[in-house]
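These notes are about the structure you will find just below.
Residue numbers start from 1 in every chain, and the chains themselves are labelled A, B, ... in the order their sequence lines are given, proteins ahead of strands.
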Amino acid sequence: MSQVGHIPGNIMFDGPMATKGYPLNKMCYSFNNANGRKAFLANEDDYCERFGLSLEQKQAVKKRDVIAMLEAGGSIYYLAKFAGILGLNVQDVGGLQTGMTTDEFKAFLVQQGEK
Amino acid sequence: MAKILGGIATSHIPAIGVAMDKGLEQTPYWKNFFDAYPPVREWLYEQEPDIAVIFYNDHGLEFFHDRKPTFAIGAAAQYENADEGWGIAEIPPVRGETELSWHIVNQLVEHEFDITVCQEMKVDHGLTVPLTLMWPGHKYGHIRVIPIAINCERHPMPKPSRCFDFGKAIGDAIRAYSSDQKVVVFGTGGLSHQLDGQRAGFINKPFDLYCMDKIVNEPEALTKFTNFDLVEQAGSQGVELNMWLAMRGALQGKLTELHRSYHLPISNTGAGLQLLATSDAV
């Protein structure tokens, strides 16, 4: 893709981000497997260590900070699997990223149909 | 020769699958969305296609970043769905169609689309949600499926114009297949949505409606976009329009738009459904 500019509030998940995010995304990919989810919940720190997450990634995971995970190279498709472990859906995750409550975020989605 | 009866474009939002699992189709949030589908199902019932070619994108079930093809096609007798990690129920295996798959592969390579071929491939909600929408109750056992995955997850992604040409090469291959089988082509995903970042929740209804207008008779207008344009206009996951373009590329000749509907929001997405029949439809 020819990257011609920056879109505010958007992090383009490209090659360099995929390189940076590889350990975090690989860990989240393992959450496709019930045993992976169980092992993470049993001992988060150990599980992050096993996949070689960077300090930035570990801290973002610990804080459940979605924006920080994205900035650390997380891909939303894999972070969604992490959100699933936490019992969060994509509206909850939308709220977390935009500083809205889930209900406010849902109302924001509805408003865009009224334009 | 094999015939392409038409193309169907539909969103493949996971929440649709979850709603069907829970029987929520007639609840206020979902009713209008699901009520759009019976006419398309009836068309499929009347047309009796033998094979469905389904363009979709994998969201981290079969392909992780360790080996992520730009374009991949299945050539297997059967495809399984599996746990995606966040609770959508798995569906029974999907029947494959190897002979036409290999024919398409040969034709694609001949026309310089050097595609990845998968003789085993797990299919995720990108494919299973459309299948379940078209044949509820897992009644898709009679149809043979050819899954074709397009990278919509990690940039660089194939350009919209390339996806259209890719679809065209597949359409040409199907039409050159010596068989009397009937094929329907699906473009899945979209329309506008953005799941990630402070921009999460971005939906662009005017752009979605523009795309549904243009895809019928002027798809070239859409192939002029770059993927950056699509991210800007339709959100980071709005690049899934590329699957609609691949579907449209596979269709040829005069088209009749038999159905169009659009609902917003379904989950975080502007959800579209469109049925374009070719003159080979009955």
With only heavy atoms counted, which part of A:Val66 is less than 4.5 Å from chain B, the side chain, the backbone, both or neither?
neither
Residues B:Phe228, A:Ile7; criterion side-chain contact (heavy atoms from CB on, under 4.5 Å); working and verdict:
CA-CA 9 Å; B:Phe228 187 89; A:Ile7 301 165; 3.7 Å; yes
For the [atom1] atom on [X], are there more than 12 heavy atoms of other groups (residues, nucleotides or ligands in this structure) within a distance under 6.0 Å?
| X | atom1 | result |
| --- | --- | --- |
| B:Glu120 | CD | no |
| A:Glu44 | CD | yes |
| A:Lys26 | NZ | no |

Can a side-chain donor-acceptor contact be found between A:Gln91 and B:Asn268 if the only test is distance below 3.5 angstrom?
yes
For A:Phe40, all residues meeting ring-ring contact (aromatic ring centres under 6.0 Å, His included), sequence neighbours excluded:
A:Phe31, A:Phe82
Derivation of the side chain to side chain donor-acceptor pair (under 3.5 Å) call for A:Asn10 and B:Gln194:
CA-CA 9 Å; A:Asn10 182 71; B:Gln194 171 132 4; 2.8 Å; yes
Taking every non-hydrogen pair under 4.5 Å, which of B:Ala15, B:Pro158, B:Ala200 racks up the most with chain A?
B:Ala200
Distance in Å, B:Arg154 CZ paired with A:Met12 CE, rounded so as to fall on 0.5 Å steps:
15.0 Å
Roughly how far apart are A:Asn32 CG and B:Asp124 CG, rounded to 0.5 Å?
9.0 Å
With a 4.5 Å heavy-atom cut-off, do [X] and [Y] have their side chains touching?
| X | Y | result |
| --- | --- | --- |
| B:Leu195 | A:Val93 | no |
| A:Arg37 | B:Trp86 | no |
| B:Phe64 | A:Tyr22 | yes |
| A:Gln112 | B:Lys205 | no |
| B:Asp196 | A:Ile11 | no |

B:Ser267 to A:Leu109 - nearest heavy-atom pair and separation
O-CD1, 3.4 Å
What one should report as the nearest heavy-atom pair of B:Leu61 and A:Tyr29 is O-OH, 3.3 Å
For a side-chain contact (heavy atoms from CB on, under 4.5 Å) check, start with the C-alpha distance between A:Lys81 and B:Glu84, then their side-chain angles and the critical distance, and finish with the verdict.
CA-CA 7 Å; A:Lys81 299 176 193 292; B:Glu84 294 188 52; 4.2 Å; yes
Proximal component of B:Phe63, with respect to chain A [non-hydrogen, under 4.5 Å]:
backbone
Given that the side chain runs from C-beta out, which part of B:Asp208 has a heavy atom under 4.5 Å from chain A: side chain, backbone, both or neither?
neither
Could you tell me whether the side chain of B:Glu153 and the main chain of A:Ile76 form a donor-acceptor pair under 3.5 Å?
no
In short, salt bridge (charged side-chain N to carboxylate O under 4.0 Å, His left out) pairs touching residues 103-114 of chain A with sequence neighbours left out are none
Looking only at the aromatic ring of each residue, does the gap between the centers of B:His65 and A:Phe13 stay below 6.0 angstrom?
yes
So which residue, A:Asn89, A:Thr98, A:Leu70, A:Val90, ends up with the most heavy-atom pairs under 4.5 Å with chain B?
A:Val90
